[in-house]
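A, B, ... follow the sequence lines: proteins, then strands. Residue 1 opens every chain.
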Protein chains: 2
Amino acid sequence: MREVTLDNLDDIARGAGILGTGGGGDPYIGKLLAREAIRAHGPVRVVRIDEVDADATVVPISGMGAPTVLLERIPNGSEELAALRALERHLGRRATHLTALEVGGVNSMLPIACAARAGLPLVDGDAMGRAFPEAQMVLPGLAGITNSPMALADDKGNTVIVEAVDNHAAERIARAVCVELGCQISCADTVLRGDQLADGLVPATLTLAARLGAVVREARAAHGDPVEAVRATLDGKVLLAGKVLDVDRRTEGGFARGHARVEGTRDDADRVLELGFQNEHLIATRDGATVATTPDLICVLDSDTGDPVTTEGLRYGRRVSIVGARCDPRWTTPGGLALAGPRSFGYEVDYLPFGSAA
Amino acid sequence: MREVTLDNLDDIARGAGILGTGGGGDPYIGKLLAREAIRAHGPVRVVRIDEVDADATVVPISGMGAPTVLLERIPNGSEELAALRALERHLGRRATHLTALEVGGVNSMLPIACAARAGLPLVDGDAMGRAFPEAQMVLPGLAGITNSPMALADDKGNTVIVEAVDNHAAERIARAVCVELGCQISCADTVLRGDQLADGLVPATLTLAARLGAVVREARAAHGDPVEAVRATLDGKVLLAGKVLDVDRRTEGGFARGHARVEGTRDDADRVLELGFQNEHLIATRDGATVATTPDLICVLDSDTGDPVTTEGLRYGRRVSIVGARCDPRWTTPGGLALAGPRSFGYEVDYLPFGSAA
């Protein structure tokens, strides 16, 4: 992909919602912000990782907060640019490129909106290859790249710079600020030099999001099966198709936490799948047996349309299909699992290598 | 006073504890830090407000947190300098002088320790003329001087810069960071130009603290009445002499909140005084009638020694004398009372002008 335009924005938003595994915030709200920014400032140039100069200053842009709050408190669009400018002042140099911290939901759209407003190119990739709820759960962290300095901004004009001793401390401090400022802030952090992009990013996830969005759109237009189109594109596995039976959701500590039960229909009748989430879907248990865990992707799709269903979009009676897919292989190393495996979220199970469930 | 040395440090600490009205943290711990810094780096030069150049950069230094936590988690002495350096990097210029944000307890000692380590002169004064628990309760705020940028540092090496839209927002953000970092951080904020000192500071409170400490020491040495010596120096009023009957204290939201009851003895037999505090003693009610309120000073002294009793030092059976004294007149203007009057702390009473109680 060479450009984000008004024409491919819908596909990217839909695909990023799927890769966001239920988290990263409602892509719809992010799409409105990105569309407005592209309308005002023109399309966003997209560059591949290998096209970026070694000494470039690449700044990942993201939002932090509880997706449940995002639905009620719409960003005004200036927050990301405020965070970027605060970071640049602190660094004493300007960003040459922006990129995404995570490819999920609103967090794939905010870097696009910010790139349009700042007039900067966007690097095709992200620091997770999916979405995760906490700031230290990024591949640069695995590669020994610190996420400080972090610049945080809210919609009122408050900005905060965090210089923490490690990525966990930065997450804790930023999360406390986030909760105090109303559970919705924008972040510019985890600055990467051009020669750190191969270690720090999963390449071409913007392009993957666009392709996922496109296959869903095309399957729908052809009266085909959009869920199967997603499964095939991700080389994944349908874990269950059914309807939502029960959702237990609470907003605590700046996160949307909870679990949901999905009752199988048709081929999956009599089976029950339980989803655990903390902003993102993190674990799937079918008939009492674990069938997929973080850091692999657990994507919940609307069975009819193939649209991604966010954790906050789960509600009684909704017909959904759960698709599992493999994460970036760096996440399944011992270091990756220590950072983002099931136990790092408090689940008392080991990581289940993708595809090994019965 | 021209210098803070090992010789006058004890007097200053004792006097600052008295002016700190129960808050500002245990001066003993601060005194140890200041003594260590003076031993290592030599005496601290003290300058009067009118000796400071108009374009000087004067940085108030303070600690933020719950005094109850300070007793268990001793600062390592590097935090204030870390906050100062973070602020200087952010400002892009060096401080020429340090001063105190409040004259209370540990917060009168930390600027001394930091000035010794930084090799900077200390301006004789503080931004409150007493101690208050919240960052926006400072005279510069009344004079329209913002407390942002605020630099915060903890003992682990984490630093945070806050650029808030107003002083209340800065307090909220800093307090959230403070609580997350364990209820004890150091702050460099509310930068004053030399020509803003007359508006922003109460002059000569370091000298006043030293004098208060000295009169108590001298009264003790002469077997005189140290409480009366304090009362006379402050031109105050003894509200009650008695013993502590009951203390209800809790650490919540980063503060030590509660109240205590003191039963009168000798001349005050059959009288009961109730103290309300939030880090500092804020209101005194005798036999059901309000007799003193914030922003006036309510100083609790050990009846025998004249030593200040902090809110966390109040305990059953301790013999104490409560002395009321007049605050800086800027605090009793409508703006001052809106910022630090009894209602700003949630007490449902009006400010009682000092000396007007029966």
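For the pair B:Leu181 and A:Arg172, the tightest heavy-atom approach, listed with the atom from each and the gap, is CD2-NH2, 4.4 Å.
Summarising the geometry, atom CD belonging to A:Glu163 is positioned 7.0 Å from atom CZ belonging to B:Arg89; distances are rounded to the nearest 0.5 Å. Atom CG of B:Leu152 is separated from atom CD1 of A:Ile173 by 9.5 Å, given to the nearest 0.5 angstrom. The CG atom of B:Asn158 sits 7.5 Å away from the CG atom of A:Asp166 when rounded to the nearest 0.5 Å.
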